[in-house]
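Bear in mind the structure is a predicted one, so any value in this text is a computation, not a measurement. First the proteins, then the strands, lettered A, B, ... as listed; each starts at 1.
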Amino acid sequence: MSPTNIIEELRWRGLIHQCTDENNLREHLSQSRVVYAGFDPTAPSLHCGSLLPLMMLRRFQHAGHKPLALVGGATGMIGDPSGKSEERVLLDTDVLAANVAGMAAQMQRFLDFDGPNAAKLVNNFDWMQGWSYIHFLRDVGKNFPVNVMLAKDSVKSRLEREDSGLSYTEFSYMLLQAYDFAHLSQKEKCTLQIGGSDQWGNITAGIDLARRMHGTQLFALTCPLLLTSDGRKMGKTEKGAIWLDGTRTSPYAFYQYWYNTADADVLLCLRFLTEIDQDEYRSLEKSLAEEPGARNAQKRLASWLTEFIHGSEGLQSALRASEYLFGAEISDLRDAQLLEIFNDVPSGTITRAELEQGFPLIDALVRVGLCKSKSDARRSMDQGGVYVNNRRVESAEMLLTPADLASESALVLRVGRRRNAVLRVEG
RNA sequence: GGGAGGUUGCCCGAGUGGUUAAAGGGGACGGACUGUAAAUCCGUUGCUUCGGCUACGCAGGUUCGAAUCCUGCACCUCCCA
């Protein structure tokens with residue numbers, strides 16, 4: 001990709017929500033520039049919410065620009081009020097430092113930290129920790145008209161709510177993010193900040209600040225937020241975030257999440273989160289319209305992202321697990337295979353002696369955590385929702401015996417379509 | 001400080017002495033259908049050694065019998081000062 005067509009690339013993908021004057025920006029980007037996006041270190045791993053901005057930086061890097069990934073070691077201590085309905089819980093310094101380290105490692109997958117336009121990781125704690133309050137008010141605060149700050153959507157919406165206020169601390173967040181941009185423009189020659197559309201106010205505050213402090217002209221570009229068709233954040237389930245760290249969200253679970261993307265959302269995800277080219281995109285779009293049951297778009301999305309995040313090995317294991325979990329009867333496996341395939345499902349153990357006497361399936365379901373009580377287990381059985389090694393159980397009184405083992409010392413229990421657990425035999 | 005009302009199962013919410021393990025709704029879960037989707041339909045949603053046992057803020061009391069009546073305590077909401 002050449003430096004000149006990044007705008008076109010973003011345009012067809014629908015990734016431009018708002019930007020400072022497009023013609024100027026296009027002209028500006030005709031040379032290699034320094035681009036930054038900020039990330040909130042609220043957890044020791046990145047989650048799917050960061051996929052979009054990271055891919056954005058990656059696209060810019062491929063187009064010949066130098067990406068700066070800013071982790072908010074300082075701003076994370078404050079909390080951005082944009083899009084939040086409540087005052088945020090403050091994180092302490094040690095936790096933040098650990099989170100920053102975890103995120104930095106994961107960014108290697110997205111950005112090339114070597115080479116001519118190497119990416120760079122910066123932490124605003126490094127330049128903010130030394131500030132004194134007086135110093136900050138004189139040099140930065142002086143440049144912010146409060147009436148302008150009050151007019152920002154992120155602030156206004158919070159002030160209009162009756163059930164929650166906005167603390168001075170959160171109100172000041174904008175100044176910190178604005179200062180980051182101004183600082184990076186001086187220290188790193190950064191001229192463009194990108195972010196989600198909810199960041200527009202904060203980004204433009206930085207542009208204003210840099211003009212006042214240094215007389216420089218900076219640029220902004222925001223992407224649409226990645227929302228599902230029913231308005232929720234993509235990359236989150238009722239049970240929590242989908243993480244990029246394989247120990248938090250296994251490659252299998254990660255693959256399944258994307259595989260199950262709704263038809264209405266899958267095209268958006270393909271454009272926003274992957275690097276498949278326009279021709280392939282068109283053919284997937286066509287496939288989705290003509291043979292939705294084949295779910296080629298979902299498959300491509302899931303495999304592209306899984307391979308990108310977890311490597312081809314991660315993808316292979318996710319595919320293998322998917323095949324077994326939704327496939328035929330499980331039998332004649334080796335322990336190692338079985339445990340690898342089912343590595344992220346809950347498990348429990350029984351003794352060899354218990355199995356040899358015949359262990360009630362009801363008790364096994366409770367032991368592995370698939371059912372919360374024996375009554376619950378019995379109900380699931382009565383409803384025909386219990387499977388041993390993918391084969392439906394007919395009798396509620398079934399006893400498990402060594403004949404039910406799917407490998408040397410393990411068998412697979414399932415309730416419903418997809419809640420699996422492994423029962424292992426000890427000794 | 002004075003007065004009024006409230007506290008029911010995962011959530012909301014009926015229920016004012018006797019089939020009330022507690023209406024109804026939401027959510028969740030299981031099944032059918034399907035495309036591991038959505039929608040729809042059906043079912044389930046305290047525990048159990050299936051004899052029972054424990055549940056309606058907490059602790060006592062009245063009664064053959066209480067979520068329902070009485071007393072005390074805790075918490076919440078509203079009104080007055």
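The residues Glu285(A) and Arg271(A) are annotated as not salt-bridged, no charged nitrogen and carboxylate oxygen being separated by less than 4.0 angstrom. Between Arg13(A) and Glu8(A), none of the side-chain N atoms (NZ, or NE/NH1/NH2) sits under 4.0 Å from a carboxylate O, so this pair counts as no salt bridge. Ion pair Arg334(A)/Glu408(A) flagged as a salt bridge, since at least one NZ, NE, NH1 or NH2 atom sits closer than 4.0 Å to an Asp/Glu carboxylate oxygen.
With rounding to the nearest 0.5 Å, the separation of CD1 in Ile7(A) from CD in Glu27(A) is 11.5 Å. Rounding to the nearest 0.5 Å places OG of Ser197(A) at 13.5 Å from CD1 of Ile16(A). The distance from the CG atom of Leu70(A) to the CG atom of Asp40(A) is 10.0 Å, given to the nearest 0.5 Å. Taken from CE in Met149(A) to NZ in Lys152(A), the straight-line distance is 9.0 Å, to the nearest 0.5 Å. Taking OH from Tyr255(A) and OG from Ser250(A), the interatomic distance works out to 13.0 Å, rounded to the nearest 0.5 Å.
Spacing of P atoms, G1(B) relative to G61(B), comes out at 31 Å, to the nearest Å. The separation of U45(B) from A22(B), taken at their C1' atoms, amounts to 14 Å, rounded to a whole angstrom. Going from the P atom of U49(B) to that of C64(B) covers 35 Å, rounded to whole Å. Taking the C1' atoms as reference points, U20(B) lies 41 Å from U36(B), given to the whole Å. A distance of about 15 Å separates the P atoms of G65(B) and U19(B), rounded to the whole Å. One P atom belongs to G13(B), the other to G25(B), and the distance between them is 16 Å to the nearest Å. Comparing A66(B) with G2(B), their P atoms are spaced 35 Å from each other, to the whole Å. The gap from the C1' atom of G72(B) to that of U62(B) amounts to 15 Å, rounded to the nearest Å.
Shown here, G51(B) is classed syn by the O4'-C1'-N9-C4 or O4'-C1'-N1-C2 angle, which is within 90° of 0.
When both distances must be under 3.5 Å, the Watson-Crick or G-U wobble mate of A74(B) is U7(B). Nucleotide U63(B) is matched to nothing when pairs are restricted to Watson-Crick or G-U wobble geometry with both distances under 3.5 angstrom. Here G46(B) sits opposite C53(B) as a Watson-Crick or G-U wobble pair (both hydrogen-bonding atom distances under 3.5 Å). Both distances falling under 3.5 Å, in either a Watson-Crick or a G-U wobble arrangement, occur for no nucleotide opposite G17(B). Base pairing of C33(B) is not made with any nucleotide, judged by Watson-Crick or G-U wobble geometry with both donor-acceptor distances under 3.5 Å. Pairing for G1(B) goes to C80(B), judged as Watson-Crick or G-U wobble with the two contacts each under 3.5 Å. With a cut-off of 3.5 Å on both Watson-Crick or G-U wobble distances, the partner of A39(B) is given as none.
Shown are Val34(A), Thr20(A), Leu218(A), Leu29(A); of these, the side chain to side chain contact (heavy atoms under 4.5 Å, CB included) with Leu192(A) is made only by Leu29(A).
Near RNA chain B, meaning a heavy atom under 4.0 Å from it, residues 300-315 of chain A has no residue at all.
Because its NZ or CZ atom is both nearer than 6.0 Å to the ring centre of Tyr387(A) and within 45° of the ring axis, Arg414(A) counts as a cation-pi partner of that residue.
Contact check for Phe113(A) versus Met107(A): side-chain heavy atoms found under the 4.5 Å cut-off. Considering only heavy atoms from C-beta on, Thr349(A) stays 4.5 Å or farther from Val425(A) through its side chain.
At a cut-off of 3.5 angstrom, counting only N and O atoms as typed in the model, there is no donor on one side facing an acceptor on the other between the side-chain of Gln383(A) and the base of G31(B).
As judged by a 4.0 angstrom heavy-atom cut-off over every strand, Tyr387(A) is placed among residues touching the sugar-phosphate backbone only. Here Val415(A) lies in heavy-atom contact (under 4.0 Å) with sugar-phosphate atoms only.
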Problem - Sequence-aligned protein contact record of nucleotides 47-56 of chain B, with B where the base is within under 4.0 Å of a protein heavy atom and S where only the sugar-phosphate is - result: SBSB------
Problem - nucleotides 34-40 of chain B: protein proximity per nucleotide (B base, S sugar-phosphate only, - neither; heavy atom, under 4.0 Å) - result: -BBS---
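Side chains of Asp263(A) and Gln298(A): a donor-acceptor N/O pair is present below 3.5 angstrom, by distance only.
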